[in-house]
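Quick notes on the structure that follows.
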Amino acid sequence: MAAPDQPFRTLAGMRDLLHPETAHRRRLTARFAELAELAGYQEVQPPLVEDLGVFLRVGETTDVVTKEMYDFEDKDGTRVALRPELTAGVARAFVQHHPQTPWKVWYAGANFRHERPQKGRYRSFDQVGVEALGVDDPDLDAEVVTLASMSLAAFGLRRVRLLVNSIGDHDDRARYVEAVRSYLDDRRDDLSEPARATAERNPLRVLDTKRPQDLAVVADAPLLADHRSPASEEHFGRVLAGLDALGVSYELAPRLVRGLDYYRRTTFEFVAEALDAAQNAVGGGGRYDGLVEDLGGPPTDGIGFALGVDRILLALSAEGAPDEVAPSVQVFVVDLTDGAIARDLTHELRAAGIGADRRFGGGSLKSQMKAADRSGARWAVLVGSDEVAAGVVTVRDLRSDAPQSAVPRDGLVAEIRARGTTT
RNA sequence: GUGGCCGUAGCUCAGUUCGGUUAGAGCGCCAGGUUGUGGCCCUGGAGGUCGGGGGUUCAAAUCCCCUCGGUCACCCCA
């Protein structure tokens, strides 16, 4: 096989995650898992690939499904797709395993959408989130929104706006869609060309347009609040009361229409103010009361959210959040003999739970000390012919000018433990 | 999917307007100054398919075409 004209590289919109970013992501995910489990959510891991039909239920009028999906024919002819989001897979899992309700689960994982990449938008992107199925109680809505809000705060994000809306239940939504459709039909001549196409496919999506021309039309569009049934209105009122009681601040966003078709009643979105980029939504979610039924299960209420890990990291960086990563190596062994001592000492230290490394190929004392410095280790342990003869090692503090000292070779682990590895 | 801008050393970038000797800088890396001591300093060194392919020309990093990638916006969304 001939070598490629150019070396292989990641596909468009895909990236290698390297240290220290991997460490930031791991820390964020761990923090999220902690918070979700504190609230009684259990981890779930649906597969990355599902039958295409699972995702079609997400919304056959949405770009996510119609244009952006990585779908292909499997070897047996089945139409399958890489998941563009996790809610549909979780709902499918609910139908398949019929767990006890309420089923409260959290997840962390990659999703795939074939979009044109830009800042904060990648073809492979990570989300963390929760889903809670089988409960209609507005207090659950408040719990879920609060968990999302607290998670963002726990990650260190400072400037976040929470937008909340209710798009009504199934019937409210259907009536509202018709009202908007007929309104937009009347104003068709005032709409931009792309907005006209959107209006036919999915009228609600026109409402959160950014084009000035369409904004003027949208300003006078029918209001959702006028189309919500008393029951929906009451549910929404209790969600907001719950948020008030829990001290979660939010803004009502009457035109907040989220991208996926399955949303009902409560919808919400988190916007990071530090992100001036177009992609500034760091999370969102809502109720999807009909989704499980659409996937062949029993009528089941559900609500959840997803937070975009990539965008949160971008926002944290834009806010100037601290991003130091503690070095994992605490001790660096400098061996001036043939290297066998470094081999044995690093092994001994690691077995004792102390991060240890050394320089392969030896090199001058100076070069090994440079390597020790770069490793971030707190301690350098030096071994040369003098130490070997005396049965000791020399321990040097790389972060202070304290004098180095000789320590019995067999007592090194105990000595490092006694001195500590931090600061 | 559409449009603007951008691809030069490991990294950040000069050089491209108006083609012309061995393509530069800073940082990083390696070595020496200091035959057993890192960080600061000094000296030296290694390292480049100028994204890739084709074309124009006596001559291309520089001009033209194609292509790949990045970035920003639209669209969409986490």
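On a predicted model such as this, the values are computed, not experimentally measured, just so you know. Chain letters run A, B, ... following the sequence lines, proteins first, then strands; residues in each count from 1.
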Could a donor-acceptor pair under 3.5 angstrom be found where the side chain of A/E387 meets the base of B/rG36? yes

Going by atom types alone, do A/E387 and A/T394 pair a side-chain donor with an acceptor below 3.5 Å? yes

How is A/D126 classified with respect to the nucleic acid when contacts are heavy atoms under 4.0 Å: base, sugar-phosphate, or nothing? nothing

Is there a side-chain contact between A/R287 and A/H235 (heavy atoms, below 4.5 Å)? yes

Would you say A/R15 places a side-chain N or O within less than 4.0 Å of OP1 or OP2 belonging to B/rG69? no

Just call it for A/A372: base, sugar-phosphate, or nothing, with non-hydrogen atoms closer than 4.0 Å on any strand. nothing

The Watson-Crick or G-U wobble partner of B/rU12, with both key distances under 3.5 Å, is B/rA25

Verify the contact: side-chain N or O of A/R374 to OP1 or OP2 of B/rC29, cut-off strictly under 4.0 Å; return yes or no. yes

Compare the minimum distances between each of B/rA78, B/rA31, B/rU37 and the side chain of A/R359, then state the nucleotide with the smallest one. B/rA31

Could you tell me whether the side chain of A/R396 has a donor or acceptor atom within less than 3.5 Å of a complementary atom in the base of B/rG38? yes

Please give, in whole Å, the distance from B/rC68 C1' to A/R9 CZ? 8 Å

Span that lies between the P atom of B/rC63 and that of B/rC5, in whole angstrom: 14 Å

Pairing nucleotide - B/rG3, Watson-Crick or G-U, each distance under 3.5 Å: B/rC72

For B/rG19 versus B/rC64, give the span between their C1' atoms, rounded off to a whole number of Å. 13 Å

How far does the P atom of B/rU12 sit from the matching atom of B/rC58, given to the nearest Å? 38 Å

Considering only the C1' atoms, how many Å lie between B/rG20 and B/rG15, rounded to the nearest integer? 14 Å

Atom CD of A/Q45: over 12 foreign heavy atoms under 6.0 Å: no

Base, sugar-phosphate alone, or nothing: which one does A/L382 contact when heavy atoms must sit under 4.0 Å apart? base

Using a 4.0 Å heavy-atom cut-off across all strands, classify A/S367 as base, sugar-phosphate, or nothing. sugar-phosphate

Check this for me: does the side-chain of A/K366 come within 3.5 Å of the base of B/rG33 through a donor and an acceptor? yes

Check whether any side-chain N or O of A/Q118 sits under 4.0 Å from OP1 or OP2 of B/rA73, and answer yes or no. yes

Nearest-neighbour nucleotide for the A/R116 side chain, B/rU37, B/rC76, B/rG1 considered: B/rG1

Once you apply a heavy-atom cut-off of 4.0 Å, does A/Y122 come out as touching a base, just sugar-phosphate, or nothing? base

I'd like the P distance from B/rC13 over to B/rG7, given in whole Å. 10 Å

Euclidean distance for P, B/rC41 against B/rG26 (whole angstrom): 13 Å

Under 4.0 Å, counting only non-hydrogen atoms across every strand here, what does A/N280 touch: a base, just sugar-phosphate, or nothing? nothing

Base, sugar-phosphate, or nothing for A/E68, non-hydrogen atoms under 4.0 angstrom? sugar-phosphate

From B/rG38, B/rU37, B/rC76, pick the nucleotide closest to the side chain of A/D373? B/rG38

Is A/R121 side chain donor-acceptor paired with the B/rC72 base, going by distance under 3.5 Å alone? no

Using a heavy-atom cut-off of 4.0 Å across all strands, would you classify A/G13 as base, sugar-phosphate, or nothing? sugar-phosphate

With a cut-off of 6.0 Å (strictly less than), are more than 12 heavy atoms of other residues, nucleotides or ligands near CZ of A/R79? yes

Taking pairing as Watson-Crick or G-U wobble with both contacts under 3.5 Å, can you name the mate of B/rA31, or confirm there isn't one? B/rU43

